[in-house]
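Single-structure report; data block below.
Reckoned from all heavy atoms, side chains included, excluding hydrogens, waters and symmetry mates. Counting starts at 1 for both ligands and their atoms, in listed order.
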Amino acid sequence: DLYNIRLIGADTKIHGVIGNPIGHSKSPHLYNAAFKSVCFNGIYLPLLVDNVANYISTFSSPDFVGYSYTIPHKEAGLKCCDEVDPIAQAIGAISCMIRKPTDGKLMGYNVDYLGAIGAIEEALQGSNGSPASGSPLAGKLFVVMGAGGAGKALAYGGYEKGARVVVANRTYEKAKELASKVGGEAMTLAELKEFHPEEGMILANTTSVGMKPRIHDTPLPKEALKHYSLVFDAIYTPKMTRLLTEAQESGATIVYGTEMFINQAFVQFERFTGFPAPKQLIRDVLARNT
Ligand code: ATR
């Protein structure tokens, strides 16, 4: 009973996740169960889409109110928006699109970074007690490995929270370009091995190094990890990467890539429905469907 068929009617608000492929997506399970739990009259569909612009112009009725965007359509989705929020514009990709009820305009957002940053902040608060005010990332040295879509999202997110951002990437030019936009320092992954101006730094991996099937690879050797107090890995297949295993052995707090997905789902749910996210229910549904 993925869909609440008895509820579907003329007032039902239609949502979906736009991607290709889309069959593996857990989002329909998550959002339909969450909509039902707060009695929100909405449905959420997996949408296998080839051409985003064609899709959006075809399904332009006001009932089609919210979309999530996934690979490979996050950039194409941005071009279909009437308005884009500044962070999504800077990242060059959206993860979420909402039709404004007042004038029907399509608004684009990127909440991927909020998911990752939110998970990191939550873990930092857990390890340091509650912060006096502001973000626990403020003032911290925040090292982002990778300068692709996810790297940009993390770097802008850290910058927005007042962290001192360092971008380390295999290809130096890309690190430099991103670092210059967030007022940070750039280096190669090789240089990062020797970089430890202070202890207690925060590390985020957004490269694909360590992802299945190459689970024995790691973007940063274990010797370097002792300088970090928290390590986040955006990879979630496997959940426990070699980087996270070695970070934990080195005494760092670790944050799983799955937390990024869960946290961005909370944010999207709240934007879609206006209700606070049923956080435990969302965690339970994801645990059941993995
Ligand atoms: P995403 O949208 O998930 O960020 P992406 O845009 O394809 O994916 O970016 C992949 C990132 O992983 C890049 O930073 C890439 O480094 P380059 O810019 O040098 O290509 C990094 N990456 C991929 N394979 C890598 C490898 N074997 N070693 C180091 N970095 C790697």
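For the residue pair Glu246 and Thr218, no side-chain donor N or O sits within less than 3.5 Å of a side-chain acceptor on the partner.
Residue contacts with ligand 1 for Leu189 involve side-chain atoms from C-beta outward but no N, CA, C or O (heavy atoms, distance under 4.0 Å).
Here is the list of ligand 1 atoms found below 4.0 Å of a heavy atom in Gly149: 1 (P), 2 (O), 4 (O), 6 (O). Atom numbering of ligand 1 starts at 1 in the shown order; those under 4.0 Å from a heavy atom of Lys174 are 17 (P), 18 (O), 20 (O). Atoms of ligand 1 lying under 4.0 Å from at least one heavy atom of Ala150, given by number and element, are 1 (P), 2 (O), 4 (O). With ligand atoms numbered from 1 in the order given, ligand 1 contributes 14 (O) to contacts under 4.0 Å with heavy atoms of Ala147. Listed by number with element, the atoms of ligand 1 under 4.0 Å from a non-hydrogen atom of Ser208 are 12 (O), 23 (C), 24 (N).
No more than 12 heavy atoms of other residues, nucleotides or ligands lie within 6.0 Å of OH in Tyr236, so this atom counts as exposed by the packing criterion. Annotation: Glu177, atom CD; neighbour count of heavy atoms from other residues, nucleotides and ligands within 6.0 Å does not exceed 12. Other residues, nucleotides and ligands contribute only 12 or fewer heavy atoms inside 6.0 Å of the CG atom of Asp50.
The pair Asp82-Lys100 fails the salt-bridge criterion, with no side-chain N (NZ, NE, NH1 or NH2) lying under 4.0 Å from an Asp/Glu carboxylate O. Of the charged side-chain nitrogens involved, none lies within less than 4.0 Å of a carboxylate oxygen, so that Glu249 and Lys226 do not count as a salt-bridged pair.
Shown here, atom 16 (O) of ligand 1 is in close reach of the protein: a heavy atom of it lies under 4.0 Å off. Distance screen at 4.0 Å: atom 10 (C) of ligand 1 has no protein heavy-atom neighbour inside the cut-off. Atom 7 (O) of ligand 1 lies below 4.0 Å from none of the non-hydrogen atoms of the protein.
Residue nearest to atom 30 (N) of ligand 1, selected from Lys74, Arg214, Arg170: Arg170 (by heavy-atom distance). Residue Asn169 holds the heavy atom nearest to atom 13 (C) of ligand 1 of all those in Leu154, Val209, Thr207, Asn169.
The six-membered or imidazole ring of Tyr31 lies away from that of His15, with a centre-to-centre distance of 6.0 Å or more. With ring centers used as reference points, Tyr67 lies 6.0 Å or more from Phe59.
Of all protein heavy atoms, the one closest to atom 19 (O) of ligand 1 is Thr171 OG1, 2.4 Å.
Here CG of Leu243 is found 6.0 Å from CG of Leu225. Values are rounded to the nearest 0.5 Å.
Backbone and side-chain nitrogen or oxygen atoms of Gly146 are examined, and none is located within less than 3.5 angstrom of a nitrogen or oxygen of ligand 1.
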